[in-house]
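Working notes, structure below.
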Amino acid sequence: MDLKECREQLDQIDEGIVSLFNKRMQIAQDVARYKIENGRRVLDKEREAQKLDAVMSMTEGSFNKRAVRELYEQIMAISRKRQYQLMDEAGALHNLPFIAVDHLIDEATKVVYQGAPGSYSEAAMKQFFGEDVQSFCTATFRDAMTAIEEGAADYAVLPIENSTAGIVSEIYDLLFAFENYIVGEQIIPIRHCLLGVPGADETRIRTVYSHAQSLMQSERFLSAHPQWQQISMKNNAFAAMKVAKDGDPTQAAIASRYAASCYGLQILREGINQSESNSTRFIIVTNQKIFRKDAKKISLCLEIAHESGSLYRILSHFIYNDLNMTKIESRPIEDKDWEYRFFIDFEGNLGDSAVRNALRGLRDEAKSLKILGNY
């Protein structure tokens with residue numbers, strides 16, 4: 001046969017395939033109604049495994065066997081997604097354990113942040129909660145998470161990602177470890193300044209203090225001063241605090257303009273980080289399962305089977321529910337070599353039916369799932 005004849009025959013076969021597919025989906029809807037009436041789960045792993053073995057036995061050759069298995073995995077996945085939709089329409093999907101609220105802040109709100117006064121974290125907190133918010137700081141991220149878990153604070157402000165340096169991996173691990181939830185975010189532009197005591201001169205500087213990341217982000221500027229000793233500190237604000245306390249004109253800190261005003265330091269050089277578009281995203285975390293009614297982003301983490309195609313099958317729930325996934329990160333699972341936990345951000349609100357459908361499918365098919373927040 002020539003190409004035209006081949007295509008004509010394929011068109012005829014495709015008509016038959018689509019007709020049979022429509023019939024199969026109709027029966028799948030009947031299956032969904034039965035499961036709704038009898039309280040049965042959508043996913044029946046044993047039945048699906050038997051079905052896959054059966055269809056593979058109907059064809060010959062390793063290529064076709066694998067291909068027909070993949071085809072039917074997709075057909076059954078589509079069927080499940082339709083069943084979840086019908087269950088939602090029938091009110092058979094359980095409500096998520098999160099409460100929608102109109103606002104987060106009241107007069108008694110107390111906020112914790114990691115670092116020291118003058119840090120970017122404090123600046124992010126004040127931008128989100130206002131200048132007059134009650135607050136205190138902790139030495140570590142874990143201490144901040146513990147403070148809200150134990151009720152010493154209502155919210156914590158934590159850096160989760162920098163536009164040039166990437167994610168703060170410790171925050172991802174803590175989000176999984178603690179029963180705390182994201183309810184907001186604040187993005188702060190990062191513009192590093194070289195700070196010294198009043199009357200200091202750049203030509204007299206011998207030692208520069210800052211966070212390791214800030215030293216790296218200012219590498220181009222610092223490379224022009226190879227005689228300067230660079231000393232890493234836990235936080236930029238700690239560096240500014242030390243320079244102010246020591247009062248030594250040969251010391252300088254790399255920190256923000258905000259830190260300079262907090263500690264009475266002089267700005268010797270502004271904007272010394274190489275990237276003018278550098279910014280850090282901070283998350284607002286609480287120990288309550290709440291979300292603002294106008295929330296537009298959802299974060300979650302999940303573990304999946306360590307087998308071929310498992311991530312693809314999980315991600316298909318976002319595709320079929322028309323949900324835009326904006327970020328995916330992986331973190332190693334403790335005590336499980338070469339296995340990973342995935343952190344996913346996507347657009348949506350926990351009140352949306354498409355979100356509920358996707359989350360029900362993810363919960364059924366992932367080994368574990370935790371909603372980290374809607375904000």
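Everything numeric in this text was worked out from a predicted model, so none of it was measured.
A donor and an acceptor atom, one from each side chain of Y120 and H211, are nowhere located under 3.5 Å apart. Looking only at atom types and distance, the side chain of D143 has no donor-acceptor partner in the side chain of T146 under 3.5 Å away. Looking at D364 and Y84, their side chains do bring a donor and an acceptor atom within 3.5 Å of each other. The closest side-chain donor-acceptor pair between D345 and T326, if any, does not fall under 3.5 angstrom. In summary, the side chains of N236 and S214 do present a donor paired with an acceptor at a separation below 3.5 Å, with no hydrogens or angles considered. Defined by atom type and a distance below 3.5 Å, a donor-acceptor pair is missing between the side-chain atoms of R206 and Q251. If you check the side chains of Q12 and Q9, you find no donor sitting under 3.5 Å from an acceptor. Counted by atom type alone, E122 and Y258 present one or more donor-acceptor pairs between their side chains at under 3.5 Å. For R82 and Q85, the side-chain atoms include at least one donor-acceptor pair closer than 3.5 Å. If you check the side chains of E365 and H317, you find a donor sitting under 3.5 Å from an acceptor. For the 3.5 Å distance criterion, the side chains of S19 and E15 fail to qualify, holding no donor opposite an acceptor. Using modelled atom types and a 3.5 Å distance limit, the side chains of K81 and S316 yield a donor-acceptor pair. With hydrogens and angles left out, the side-chain atoms of Y181 and E179 include a donor and acceptor closer than 3.5 Å.
Contact of the I205 side chain with the H225 side chain is not registered, since no non-hydrogen atoms from C-beta on lie closer than 4.5 Å. Between F141 and I171 there is a side-chain heavy-atom pair separated by less than 4.5 Å. Proximity of S79 to Q83: side-chain heavy atoms (C-beta onward) are separated by under 4.5 Å at one or more points. Looking at heavy atoms from C-beta onward, N235 lies out of side-chain contact with M241 at the 4.5 angstrom threshold. Counting only heavy atoms from C-beta outward, the side chains of T207 and T250 never approach each other to under 4.5 Å. You'll find the side chain of K370 stays beyond 4.5 Å of the side chain of F343, heavy atoms only. Residues V68 and M58 fail the side-chain proximity criterion, which asks for heavy atoms closer than 4.5 Å. Side-chain contact between T109 and F129: present, with at least one pair of heavy atoms (C-beta onward) separated by less than 4.5 Å.
In this structure, the side chain of D246 does not engage the main chain of D248 through any donor-acceptor pair within 3.5 Å. Under the 3.5 Å distance criterion, the side-chain polar atoms of S218 are left unmatched by any main-chain donor or acceptor of L215. A donor-acceptor pair under 3.5 Å is formed between the side chain of S310 and the backbone N or O of A305.
Taking the ring centre of Y375 as origin, the terminal cationic atom of K297 falls outside the region bounded by 6.0 Å and 45° from the ring axis. Annotation: cation-pi pair R341/F176 present, NZ/CZ under 6.0 Å from the ring centroid and within 45° of its normal.
A continuous path of Ile, Leu, Val, Met, Phe, Trp and Tyr side chains, each step under 4.5 Å between heavy atoms, connects I190 with V157, placing both in one hydrophobic cluster. Residue L369 is grouped with residue I328 when hydrophobic side chains (ILVMFWY) are merged at heavy-atom distances under 4.5 angstrom, including chains of intermediate members. L158 and I105 fall into different hydrophobic clusters, where Ile, Leu, Val, Met, Phe, Trp and Tyr are joined by side-chain heavy atoms under 4.5 Å apart, directly or via other members. Clustering ILVMFWY residues whenever any of their side-chain heavy atoms sit less than 4.5 angstrom apart, transitively, puts L362 in a cluster other than the one holding I182. Hydrophobic cluster membership is shared by M233 and V197, with clusters built from Ile, Leu, Val, Met, Phe, Trp and Tyr side chains linked at under 4.5 angstrom.
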I167/K327 under side chain to side chain contact (heavy atoms under 4.5 Å, CB included): CA gap, chis, key distance, verdict: CA-CA 11 Å; I167 67 168; K327 189 176 186 63; 4.2 Å; yes
L195 vs L268, side chain to side chain contact (heavy atoms under 4.5 Å, CB included): CA-CA, chis, key distance, verdict: CA-CA 6 Å; L195 310 180; L268 305 178; over 6 Å; no
Working for ring-ring contact (aromatic ring centres under 6.0 Å, His included), residues Y113 and F136: CA-CA 7 Å; Y113 63 94; F136 65 97; 8.3 Å; no
Pair V183-I290, side chain to side chain contact (heavy atoms under 4.5 Å, CB included): steps then yes or no: CA-CA 7 Å; V183 291; I290 59 174; 3.9 Å; yes
Trace of the side chain to side chain contact (heavy atoms under 4.5 Å, CB included) decision for M145 with E149: CA-CA 6 Å; M145 290 291 268; E149 184 180 60; over 6 Å; no
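Here the CG-CG distance, from L359 to L350, works out to 6.5 Å after rounding to the nearest 0.5 Å. Rounding to the nearest 0.5 angstrom, the gap separating the CG atom in N162 from the CD1 atom in I187 is 11.0 Å. The CG atom of D102 lies 4.0 Å from the NZ atom of K293; values are rounded to the nearest 0.5 Å. Here the CD atom belonging to Q186 is positioned 11.5 Å from the CE atom belonging to M125, to the nearest 0.5 angstrom. Between K110 atom NZ and Q134 atom CD the span is 5.5 Å, to the nearest 0.5 Å. A distance of 9.5 Å separates CD of E161 from CD of E185, quoted to the nearest 0.5 Å.
More than 12 heavy atoms of other shown residues, nucleotides or ligands fall within 6.0 angstrom of atom CD in E307. Taking a 6.0 Å sphere around CD of Q274, one finds it holds more than 12 heavy atoms contributed by other residues, nucleotides or ligands.
Checked against the 6.0 Å centroid threshold, F238 and Y209 do not count as a close aromatic pair.
Here the closest non-hydrogen pair linking Y172 and R331 is CB-CG, 4.1 Å.
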